[in-house]
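Quick caveat, the model's predicted, so the values are computed rather than measured. These numbers come from the heavy atoms of this one structure, side chains and all, not from hydrogens, waters or symmetry mates. Lettering of chains follows the sequences in order, A, B, ..., and the numbering in each one begins at 1.
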Amino acid sequence: MDNGKIAKVFEEMAELLEFRGENPFRIRAYQNGAKAIRELDESVADILADSSRDLAKVPGVGKTLVEKCQTLVDTGSLPQLEELRQAVPEIVIQMARIPGLGAKKAVKLRDALAIESLEDLRKACHEDKIAGLKGFGKKSQATILDGLAIAQQAAERIRWHKGDELAADIGGHMQSCKGIQKMQWAGSYRRLRETIGDLDLLVVADDPQSAMDHLEKYTYHASTIGRGDTKISIRVDKAFQVDMRCVAADQFGAALQYFTGSQAHNIHTRRIAKERGLKISEYGVFKVDDDTKIAGASEEEVYEAIGLPWIAPELREDRLEFAMAESGEMPTLIQLSDIRGDLHMHTSATDGTGTIRDMAEAAIERGLSFIAITDHSKRVSMARGLDETRLREQWKMIDEIRPEYEGRLTILKGIECDILEAGGMDLADDCLAEADWVLASVHYGQKQPRDQITDRILGAIENPHVSCIAHPTGRLINRRPPYDVDMDQVMDAAAKHGKLMELNANPARLDLNDLHLSKAKKLGIPIVINTDAHSTDGMNVMQHGIQQARRAGFLADDVANTQAWQAIKSLLEKAT
DNA sequence: GCCGTTTTCGGCCCGACTGTTTTCAGTCG
């Protein structure tokens, strides 16, 4: 059982314990344990199997959770979880997902009205049965009905990229509002998470009410969920929630820090504050003994007040940032301008739309000094993938074009070669040997069992002509889960053979994810951030890859294509 | 359930909002 699955078990335990009305700190202990194990860059099973190691040394994992991990690794299941599942009916969990209903109210409703389905709940609302219950009233009944409708239309988290478009649109609309002095998006959008659940806008306004009026005039405003003196929540496009909060200018930094989160990061900062006799809230940093305010206008001063440098929002997950900040100075994270080449792109020879020259010109416009043309291999027949003959023709064309770009751009002879379902590469070794750059990737047989698909990728890594594994897990965010691949084995093999791994920057992929990237960094595996462009515009997604790398705490030195091609080439010459 | 330079007990981030109460519980972020 891998770490992700163990973490899921503890998360479910936490959720179920909440329904049982357990001690909230015990619940958080399970959540913290789940987070620690998910983010651990070593396999729990490996640590348990090694008598010289102690899993309880991992912060957040104590004696009890170690025992439960052992049970999970040994038997694949946890009796306590099974018992809890029996004790907490599914309908209660479903009800608690309705906005405004939590664990306690859901349990109360089921017990009082014998609710067995969401349909029962809807009926109970319509029959006016809920308003009479103790602790509920007319308003809660209406909220539940509204929530039922929303829960069905909506609203999974949207990809960051889509949230970015929405934020730009709403931001543009709000800019025309007079009297807004300052405006900043917060929340998971600001932290550049892969997906976001809602948008949080923070403003300093002369007149908060008129700022709220203005937000309600946004073209795609569907309804207003709630509105008070300082806060308004609306839905746009039926379901997606946008919150706006108005704060005073001298609270802006503290509010921004607070609403940016993450929750785990805030808990950690507040604990540090407490150790120093301070208290952080969204209104500022205060001395505990006399309530004197010592910071709040800017985020920088909030962090400074507790002895930390300003921390980039994308790092605020209580994972790497506090260790990185220890020296008192944050290292400079990688940025877009550090990137010097792009080693994954397609042309009209297969499923791209641009010619080699189109891609070369687009690369020069973006300030790159090298690119690899990596069209699909023949197995990808839908994309008219290249066989050895057509590939060599394309390389011949590259030879002819190269002199035109002398001194401006190095065009590399590459290929995205499929790893076949039965294992092995789609093109002959003698052909691959002629390439400057060989990406290996899985497109077919993605649902194969773990051992099989892992062996295929290990086989590719062991092939001496393969340079790099492209989109190593195959996931499409919100659309397709990753292959069931043993990434621990894959990464160990990549490290051993000196192979590179890709961070595919396409916002639907972002593959490797941030946790895999952290692990790759620890193992010293060079990462290449590529766009996988299928058109010249497709090269614009590089920014998303940079964001993902920053979330993993990457500096420019952690990414191979921040260096000249010659440096990458010498890495490949050492690979086996 | 975790944790410890207040160390094996007694804490655990902090506050707003809501709807329902008459001083507060539940929910949310």
Side-chain angles (χ1 to χ4, degrees), chain A residues 10 13-14 17-37 55-69 80 95-109 130-144 146-147 186-191 196-200 202 225-233 241-247 251 254-286 288 291 302 306 316 318:
Chain A
F10 290 155
M13 288 283 293
L17 288 168
E18 208 175 345
F19 287 100
R20 301 294 300 275
E22 281 286 341
N23 175 354
F25 297 106
R26 186 173 171 228
I27 293 164
R28 193 196 290 166
Y30 275 98
Q31 289 165 343
N32 288 343
K35 182 173 186 292
I37 285 168
L55 185 59
K57 290 244 160 62
V58 174
V61 181
K63 195 164 161 274
T64 311
L65 290 189
V66 170
E67 281 168 16
K68 291 192 161 66
C69 284
Q80 292 93 333
M95 283 198 280
R97 300 225 164 93
I98 296 168
L101 278 186
K104 300 203 169 157
K105 285 190 169 179
V107 170
K108 220 182 248 180
L109 280 176
I130 289 177
L133 293 176
K134 190 171 164 57
F136 295 84
K138 283 276 177 201
K139 283 259 189 169
S140 6
Q141 189 165 278
T143 307
I144 291 168
D146 186 44
S188 52
Y189 170 63
R190 182 168 182 239
R191 299 204 313 281
I196 58 176
D198 62 9
L199 279 172
D200 297 294
L202 197 65
I225 302 162
R227 177 172 167 166
D229 293 339
T230 62
K231 180 188 158 181
I232 179 170
S233 294
Q241 185 168 336
V242 179
D243 298 336
M244 183 175 76
R245 300 156 208 265
C246 303
V247 299
Q251 300 167 345
L256 183 60
Q257 197 279 331
Y258 167 63
F259 290 119
T260 297
S262 65
Q263 193 174 28
H265 175 85
N266 286 352
I267 288 172
H268 196 139
T269 53
R270 287 166 184 214
R271 201 173 66 226
I272 292 173
K274 208 168 190 176
E275 287 161 6
R276 293 167 174 247
L278 300 169
K279 185 182 72 175
I280 304 182
S281 75
E282 56 263 53
Y283 299 112
V285 185
F286 302 87
V288 171
D291 256 1
V302 169
I306 58 169
R316 299 183 195 170
D318 192 18

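dT6(B) atom P lies 15 Å from atom NZ of Lys274(A), rounded to whole Å. Here the C1' atom of nucleotide dG29(B) and the CG atom of Asp200(A) are 8 Å apart, to the nearest Å. When rounded to the nearest whole Å, the span between CZ of Arg271(A) and P of dT6(B) equals 15 Å. Distance, Arg191(A) CZ to dG29(B) C1': 11 Å, rounded to whole Å. Remark: C1' of dC13(B) and CG of Leu278(A) are 14 Å apart, rounded to the nearest angstrom. Rounding to whole angstrom units, CD1 of residue Ile280(A) and P of dC13(B) are separated by 12 Å. In this structure, Asp318(A) places its CG atom 11 Å from P of dC13(B), rounding to the nearest Å. What separates CG of Asp198(A) from P of dC28(B) is a distance of 12 Å, to the nearest Å.
dG1(B) and dT5(B): their C1' atoms are spaced 24 Å apart (whole Å). Atom name P, nucleotides dC17(B) and dC13(B): the rounded distance is 22 Å, in whole Å. A gap of 30 Å separates the P atoms of dT20(B) and dC14(B), to the nearest Å.
Across the interface with DNA chain B, nearest-nucleotide mapping of Glu282(A) and Gly102(A) shows Glu282(A) to be the residue nearer the 5′ end.
For Glu67(A), the side-chain contact (heavy atoms from CB on, under 4.5 Å) partners are Lys63(A), not counting sequence neighbours. Looking at residues two or more places apart in sequence or on another chain, you find a side-chain contact (heavy atoms from CB on, under 4.5 Å) between Ala254(A) and Val302(A).
Put simply, Lys231(A) has no side-chain N or O that comes within less than 4.0 Å of OP1 or OP2 on dC28(B). The shortest distance between the side-chain N/O atoms of Lys104(A) and the OP1/OP2 oxygens of dG26(B) is below 4.0 Å.
Comparing atom distances between the Arg26(A) side chain and each of dG26(B), dG1(B), dC14(B) picks out dG1(B) as nearest.
Here Tyr30(A) lies in heavy-atom contact (under 4.0 Å) with sugar-phosphate atoms only. Within 4.0 Å of Thr269(A), counting heavy atoms only, lies no atom of the nucleic acid at all. Using a 4.0 Å heavy-atom cutoff across all strands shown, Asn32(A) reaches no nucleic acid atom at all. Among the atoms of the strands shown, none is found under 4.0 Å from any heavy atom of Ala273(A). In this structure, Pro24(A) reaches neither bases nor backbone, as no heavy-atom distance under 4.0 Å exists between it and the strands shown.
Judged purely by atom type and a 3.5 angstrom limit, Gln141(A) uses its side chain to pair as donor or acceptor with the backbone of Ile130(A). Here the side chain of Lys35(A) pairs a donor or acceptor atom with the backbone of Asp318(A) at under 3.5 angstrom.
The base of dG29(B) lies close enough to the side chain of Tyr258(A) for a donor and an acceptor atom to sit less than 3.5 Å apart.
Taking OG1 of Thr64(A) as the start and OH of Tyr30(A) as the end, the distance is 7.0 Å to the nearest 0.5 Å. Rounding to the nearest 0.5 Å places SG of Cys69(A) at 5.0 Å from CG of Leu55(A).
Under a cut-off of 6.0 angstrom, the local environment of CG in Asp229(A) is sparse, with at most 12 non-hydrogen atoms contributed by other residues, nucleotides or ligands.
With a 3.5 Å ceiling on both atom-pair distances, dT8(B) lacks any Watson-Crick or G-U wobble partner.
The existence of a salt bridge linking Arg245(A) and Asp200(A) is confirmed by a sub-4.0 Å separation between a basic side-chain nitrogen and an acidic carboxylate oxygen.
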Close N or O pairs between protein and nucleotides 18-23 of chain B (under 3.5 Å):
{"unit_1": "dT20(B)", "atom_1": "OP1", "unit_2": "Gly137(A)", "atom_2": "N", "d": "2.1"}
{"unit_1": "dT20(B)", "atom_1": "OP1", "unit_2": "Gly137(A)", "atom_2": "O", "d": "3.1"}
{"unit_1": "dT20(B)", "atom_1": "OP1", "unit_2": "Lys138(A)", "atom_2": "N", "d": "3.3"}
{"unit_1": "dT20(B)", "atom_1": "OP1", "unit_2": "Ser140(A)", "atom_2": "OG", "d": "2.8"}

